[in-house]
Protein chains: 2
Amino acid sequence: MTVLDRAEARLLVVDDEPNIRELLSASLRRSGFEVITAADGREAVHFAERTRPDLVVLDVMLPDMDGFSVAGRLRDVNGQTPVLFLTARDATDDKVAGLRVADDYVTKPFSLEEVVARIRAVLRRTRGDLDIPARLQVGTLELDEEAHQVWVSGEPVRLSPTEFKLLHYFMVNTGRVLSKAQILDHVWNYDFGGDAGVVESYVSYLRRKVDVNEPRLIHTLRGVGYVLRPPRDD
Amino acid sequence: MTVLDRAEARLLVVDDEPNIRELLSASLRRSGFEVITAADGREAVHFAERTRPDLVVLDVMLPDMDGFSVAGRLRDVNGQTPVLFLTARDATDDKVAGLRVADDYVTKPFSLEEVVARIRAVLRRTRGDLDIPARLQVGTLELDEEAHQVWVSGEPVRLSPTEFKLLHYFMVNTGRVLSKAQILDHVWNYDFGGDAGVVESYVSYLRRKVDVNEPRLIHTLRGVGYVLRPPRDD
DNA sequence: TCGTTTTCTCAGCAAATGTTCAGCCTGGGC
DNA sequence: GCCCAGGCTGAACATTTGCTGAGAAAACGA
């Protein structure tokens, strides 16, 4: 993902499952964030005190204390740190009880695209962060993250959620080659079991809906992957 | 969720339950207010002296002193700070009598929409705050918050309380995508246990009553949520 | 109190979306 | 030019999502 000279923001990732923690922190670092991790609530509060993160990604279910208490403590310690909750898809009770205090939340299993998008959205809202653009543009292609809308040469285009996420991933990585495996890892949920064939299907859908004019923007690199290239430097 | 350059007003939120305090302060901040919190009467008076809030949201039942005494003290200290009381639904007579001291009150469990609306109304009344519009308009849709009335192409429409709150939430967030969870969290009481199905029902009711003309204003974004979009940029 | 309004749930239907796959196409090495 | 692995795409199928009408239950008002 985007590589920046300086970190966009400092994040604290809190989850007791090492897999998830690693998955998230690696991916978020690649997206340009500075990342600190914690495995439980106690650790989270401790690190938050010392490092003053700009945002906390917090699993609702932790071994020592539930996420809401942690969020409360964090806010006691560190003013109005925004919190993005991670929660199981069917955690109905939790939602009712506490998710409203969250600035946003993502259900497990999530896709990395989704988490990054939510983090950016929250930072944009809570800090009015203008370094994080809500609107992307490549050639005649425009994408508004907040309005969840896409235009081709000014004409609105309807995309399904997956199509939208895929296009967004391409646009954030304009000019960078993305392998099918990489795309699968970022755009699809981390528990997706299928093979890279889906990616081909969705690239096909996208081209039909979004890449209709010459010069083409989405290019195939045989044996390597795909690139979204702006016009003129093909 | 409106993002503002400056805070609309400074609020002091007083409640001994941490959950409620967090819920309110997170949500009010998201609505553009600057928020200070206090857990009991003593703290409330102390903070009010120092920070001079524009309005105090005050739970009637506090561990150290009852809300009315607190309100009295606040007024001794800080002129005529308006107060919005929070009270249990089954308020007995003495309480109701006391509530006449309040500029307004909201019963628990409340919906965030309701609290924000009341706060705005009180600020409008007591400060003549013109930054806070009482009338919203989107396309041929008009909503008067104060008169609690809605017109479609100039024709008045009868809405139930929930329908009204939902429409208001849509209109305040024109152009912004709202997920069903988000809608549930803001428009329904915080103790609502049901699922997002109700939202679908109420959107259906609303469309039938207020979104009868082309072009449609309320759009469904499958898998994402709903948007109220003004005509012409679909 | 009784009738009316409102809220909420639910199930059946329709439509959109996600996934797989087989057959065809194509670029590039030989 | 021939071949073939890799890529493309239409079709089929499964799954998910959203819409709506009907009705039970609760709240409200006279």
Side-chain angles (χ1 to χ4, degrees), chain A residues 89-90 92 96 107 109-111 113-114 148 150 157-167 169 177-184 187-212 216-227 234, chain B residues 89-91 107 109-111 113-114 148 150 157-167 169 177-185 187-212 216 218-227:
Chain A
R89 176 136 303 169
D90 56 353
T92 38
V96 175
T107 56
F110 47 76
S111 73
E113 259 301 284
E114 211 156 343
H148 218 268
V150 172
V157 178
R158 277 175 46 93
L159 297 184
S160 80
T162 306
E163 288 164 356
F164 186 89
K165 279 192 281 185
L166 177 58
L167 180 60
Y169 187 50
V177 182
L178 304 170
S179 72
K180 285 180 220 172
Q182 218 172 334
I183 294 173
L184 212 53
V187 177
W188 270 260
N189 295 343
Y190 59 72
D191 71 339
F192 179 71
D195 75 348
V198 234
V199 179
E200 292 173 14
S201 284
Y202 270 88
V203 169
S204 176
Y205 297 155
L206 260 196
R207 294 216 242 235
R208 199 175 328 176
K209 287 189 177 179
V210 147
D211 201 14
V212 286
R216 297 300 160 99
L217 302 174
I218 302 175
H219 301 262
T220 303
L221 302 186
R222 269 183 154 251
V224 184
Y226 299 96
V227 212
D234 181 46
Chain B
R89 174 134 304 169
D90 55 355
T107 57
F110 47 77
S111 74
E113 257 302 283
E114 211 156 341
H148 216 267
V150 173
V157 177
R158 272 177 50 92
L159 296 184
S160 79
T162 306
E163 288 164 355
F164 185 88
K165 279 192 282 186
L166 177 57
L167 180 60
Y169 188 51
V177 181
L178 304 171
S179 72
K180 284 180 222 173
Q182 219 172 333
I183 293 172
L184 211 55
D185 287 350
V187 176
W188 269 260
N189 295 342
Y190 59 73
D191 70 340
F192 178 72
D195 76 348
V198 232
V199 178
E200 292 173 14
S201 286
Y202 272 87
V203 168
S204 179
Y205 299 156
L206 260 195
R207 292 215 242 236
R208 204 174 324 177
K209 287 188 178 181
V210 305
D211 201 15
V212 286
R216 297 299 160 98
I218 302 175
H219 302 260
T220 302
L221 301 187
R222 228 158 206 273
V224 183
Y226 298 97
V227 211

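Predicted model only: the values in this text are computed from it and were never measured.
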Legend entry - Set of side-chain contact (heavy atoms from CB on, under 4.5 Å) partners for Thr107(B), sequence neighbours left out: Thr87(B), Arg89(B), Tyr105(B)
Legend entry - Residue list, side-chain contact (heavy atoms from CB on, under 4.5 Å) with Ser111(A), at least two apart or on another chain: Glu113(A), Glu114(A), Lys165(A), Asn189(A)
Inset, instruction - Give Phe164(A) one of three labels, base, sugar-phosphate or nothing, depending on what nucleic acid heavy atoms sit under 4.0 Å from its own. - result: nothing
Legend entry - Inter-axis angle, terminal five-pair segments of the helix from dT1(C)-dA30(D) to dC30(C)-dG1(D) [nearest 10°]: 30°
Nearest-Å distance for atom pair [atom1]/[atom2], residues [X] and [N]:
X: His219(A); N: dG6(D); atom1: NE2; atom2: C1'; answer: 19 Å
X: Lys165(B); N: dT7(C); atom1: NZ; atom2: P; answer: 8 Å
X: Leu178(B); N: dG18(D); atom1: CG; atom2: P; answer: 14 Å
X: Phe192(A); N: dT19(C); atom1: CZ; atom2: P; answer: 5 Å
X: Leu206(A); N: dT9(D); atom1: CG; atom2: C1'; answer: 14 Å
X: Leu221(B); N: dT17(C); atom1: CG; atom2: P; answer: 10 Å
X: Tyr202(B); N: dT5(C); atom1: OH; atom2: C1'; answer: 10 Å
X: Ile218(A); N: dG7(D); atom1: CD1; atom2: C1'; answer: 14 Å

With [X], which residues qualify under salt bridge (charged side-chain N to carboxylate O under 4.0 Å, His left out), at least two apart?
X: Arg207(B); value: none
X: Arg222(B); value: none
X: Glu200(A); value: Lys180(A)

Inset, instruction - Kindly say if Trp188(A) contacts the phosphate of dG18(C), meaning a side-chain N or O under 4.0 Å from OP1 or OP2. - result: no
Inset, instruction - Report yes if the side chains of Val203(A) and Thr220(A) come closer than 4.5 Å at any heavy-atom pair, otherwise no. - result: no
Legend entry - Residue pairs involving residues 189-198 of chain A (criterion salt bridge (charged side-chain N to carboxylate O under 4.0 Å, His left out); sequence neighbours excluded): none
Inset, instruction - State the CD1-CG distance between Ile218(A) and Leu178(A), to the nearest 0.5 angstrom. - result: 10.5 Å
Legend entry - Qualifying residues under ring pair (Phe, Tyr, Trp, His ring centres under 6.0 Å), relative to Phe164(A), sequence neighbours excluded: His148(A)
Inset, instruction - Could I get the full list of ring pair (Phe, Tyr, Trp, His ring centres under 6.0 Å) partners for Tyr202(A), not counting sequence neighbours? - result: Trp188(A), Tyr205(A)
Anything under 3.5 Å between a protein N or O and an N or O of nucleotides 24-30 of chain C, put it in a table, one pair a line.
{"from": "dT26(C)", "atom 1": "O2", "to": "Arg222(A)", "atom 2": "NH2", "distance (Å)": "3.0"}

Legend entry - Expected output: side-chain Asp211(A) to main-chain Leu217(A) donor-acceptor under 3.5 Å: yes
Could I get a table of every N or O pair under 3.5 Å where one atom is in the protein and the other is in nucleotides 19-21 of chain D?
{"from": "dC19(D)", "atom 1": "OP1", "to": "Arg207(B)", "atom 2": "NH2", "distance (Å)": "2.3"}
{"from": "dC19(D)", "atom 1": "OP1", "to": "Thr220(B)", "atom 2": "OG1", "distance (Å)": "2.5"}
{"from": "dC19(D)", "atom 1": "OP2", "to": "Tyr226(B)", "atom 2": "OH", "distance (Å)": "2.6"}
{"from": "dT20(D)", "atom 1": "OP2", "to": "Ser204(B)", "atom 2": "OG", "distance (Å)": "3.1"}
{"from": "dG21(D)", "atom 1": "OP2", "to": "Arg208(B)", "atom 2": "NH1", "distance (Å)": "3.4"}
{"from": "dG21(D)", "atom 1": "OP2", "to": "Arg208(B)", "atom 2": "NH2", "distance (Å)": "3.3"}

Legend entry - Position toward the 5' end of DNA chain C (nearest nucleotide), Pro161(B) or Pro161(A): Pro161(B)
